[in-house]
Amino acid sequence: MGSVPLPSSSLLISSSSSSIFGRSSSTISYPHRRFRKVDVSCDYSCFEIRDVSYRPPGTKIDLLSQVNLSIPEKSFGLIFGRSGSGKTTLLQLIAGLSKPTSGSIYVQRYGDDDQQIKSPEPLQPERVGIVFQFPERYFVADTVLDEVTFGWPRQKGGLQLRELLASRLQKAIMSVGLTGISLDKDPHSLSGGYKRRLALAIQLVQTPDLLILDEPLAGLDWKARADVAKLLKDLKKELTLLVVSHDLKELASLVDQSWRMEMGGALKKEPLPI
Ligand SMILES: Nc1ncnc2c1ncn2[C@@H]1O[C@H](COP(=O)(O)OP(=O)(O)OP(=O)(O)O)[C@@H](O)[C@H]1O
């Protein structure tokens, strides 16, 4: 565990601010529908996937075939489809965990006339957070605090770094509603819903621009499912969410765009079949 000294748990959760990362936001019109964005100008960015195919090394079968997808910042995209169609494989490519065999994944900035401005920039993996299916299975630490700060710098760092990390920790914990939980608690002793909140906090502390989630409601009881869905609704105000899920009804009210992944790894833009 990193040795960067942090404020005590009670100090970390003392703020009463309700915004997730302290950013203000305004609502503007986008080509597809209304989304929230941060800037007062009308420029906006899209995360774009162009003609991405993927064949695992040493195999002869393409798991993804010419996938295209564009998702504007501060919106919620949902990918659904049959088991084994390639949804998780696509998320792993977007998160930079594997590289496409062909095609590109980038961020494109658009002006208020929806024309491209600036050259596209490759999507940096460090700007993407990924929450795997059943993330609690990968918890490694003995306390909530150690779990969230796992991997933080081990060197002492200056006051500025310590303040930045403490502030990010406080915001992440607040944004997922973990403020009522002792940071000394064993992560494995949390309820199913709180484990998912912790998994989200672990990613949010890295302040990603794009958060991708694989089956965020899987295995939860009805109350925890409703809580996590509400949490995702709040997160959508602050960052872009791309979700793979079979739980279409529970997430439908959040969804701005949806795609069906067909067997063979072809992605089609399609309304939710509910
Ligand atoms: N490295 C690999 N080599 C060969 N085949 C693979 C590899 N990784 C995944 N697959 C296969 O690719 C297909 C797509 O897997 P993937 O996990 O992306 O599907 P999915 O749509 O997310 O399924 P589920 O909804 O069950 O999670 C599956 O048939 C899987 O067995």
Side-chain angles (χ1 to χ4, degrees), residues 47-71 75-106 123 125 127-139 192-193 195-200 202-203 208 210-222 224-226 228-229 231-232 235-236 240-274:
F47 298 94
E48 311 217 322
I49 296 169
R50 282 289 162 263
D51 298 326
V52 162
S53 296
Y54 180 65
R55 176 179 295 189
T59 68
K60 292 188 171 168
I61 298 172
D62 285 342
L63 301 185
L64 297 175
S65 174
Q66 298 279 307
V67 167
N68 286 286
L69 175 155
S70 174
I71 179 164
S75 68
F76 189 108
L78 189 141
I79 300 173
F80 59 96
R82 281 175 48 196
S83 199
S85 55
K87 305 181 295 297
T88 300
T89 303
L90 178 59
L91 295 190
Q92 290 173 345
L93 292 181
I94 298 171
L97 300 175
S98 1
K99 292 217 172 309
T101 313
S102 59
S104 51
I105 300 174
Y106 57 90
L123 177 58
R127 302 313 312 147
V128 184
I130 182 165
V131 180
F132 294 106
Q133 198 168 357
F134 302 114
E136 51 278 0
R137 292 179 184 169
Y138 309 103
F139 289 167
K195 284 177 182 157
R196 294 293 159 86
R197 288 168 194 255
L198 176 56
L200 284 165
I202 291 165
Q203 294 303 317
L210 173 64
L211 183 60
I212 54 187
L213 303 110
D214 200 352
E215 299 289 355
L217 306 186
L220 298 178
D221 64 31
W222 68 270
R225 291 162 80 89
V228 172
L231 175 55
L232 297 183
L235 290 178
K236 181 182 154 180
T240 311
L241 291 156
L242 182 61
V243 173
V244 159
S245 184
H246 290 101
D247 301 300
L248 307 187
K249 281 190 182 152
E250 280 146 300
L251 296 173
S253 65
L254 309 183
V255 174
D256 296 305
Q257 291 184 85
S258 55
W259 299 264
R260 178 191 294 276
M261 182 71 82
E262 302 194 320
M263 294 308 283
L267 193 71
K268 288 198 173 153
K269 198 165 179 191
E270 197 175 301
L272 295 181
I274 53 169

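We count ligands from 1, going down the list as the structure has it; atoms in each ligand are counted the same way.
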How far is [atom] from its nearest protein heavy atom, and which residue and atom is that?
atom	result
atom 16 (P) of ligand 1	Thr89 OG1, 3.7 Å
atom 24 (P) of ligand 1	Ser83 OG, 3.5 Å
atom 25 (O) of ligand 1	Lys87 NZ, 2.9 Å
atom 19 (O) of ligand 1	Gly86 N, 3.3 Å
atom 17 (O) of ligand 1	Thr88 CB, 3.6 Å
atom 8 (N) of ligand 1	Leu63 CD1, 3.8 Å

Would you say the side chain of [Y] lies within less than 4.5 Å of the side chain of [X], judging by non-hydrogen atoms?
X	Y	value
Leu200	Leu213	yes
Ile212	Val243	no
Met261	Leu64	yes
Arg196	Leu231	no

Which part of Arg82 is near ligand 1, with near meaning a heavy atom under 4.0 Å away: side chain, backbone, both or neither?
backbone
At a 4.0 Å threshold, what atoms of ligand 1 neighbour a non-hydrogen atom of His246?
25 (O)
Go through ligand 1 atom by atom and flag the ones less than 4.0 Å from a non-hydrogen atom of Pro56.
1 (N), 2 (C), 3 (N), 4 (C)
May I have the step-by-step check of salt bridge (Lys or Arg N to Asp or Glu O under 4.0 Å) for Glu136 and Lys195, ending in yes or no?
CA-CA 6 Å; Glu136 51 278 0; Lys195 284 177 182 157; over 6 Å; no
Does the protein place any heavy atom closer than 4.0 Å to atom 13 (C) of ligand 1?
yes
Does Glu215 reach ligand 1, in the sense of a heavy atom lying below 4.0 Å from it?
no
Within-shell test, Gln92 vs ligand 1, heavy atom, strictly < 4.0 Å
no
Would Gly84 count as being in polar contact with ligand 1, using the rule that some N or O on each side must be under 3.5 angstrom apart?
yes
Purely on distance, is any nitrogen or oxygen of Thr59 under 3.5 Å from one on ligand 1?
no
Test item: side-chain donor near acceptor, Asp62 and Ser53, under 3.5 Å
no
Here the gap from Ile49 atom CD1 to Ile94 atom CD1, rounded to the nearest 0.5 Å, amounts to 3.5 Å
Is Ile61 atom CD1 crowded by more than 12 heavy atoms from other residues, nucleotides or ligands, each under 6.0 Å away?
no
Using salt bridge (charged side-chain N to carboxylate O under 4.0 Å, His left out) as the criterion, list what pairs up with Arg50, not counting sequence neighbours.
Glu48
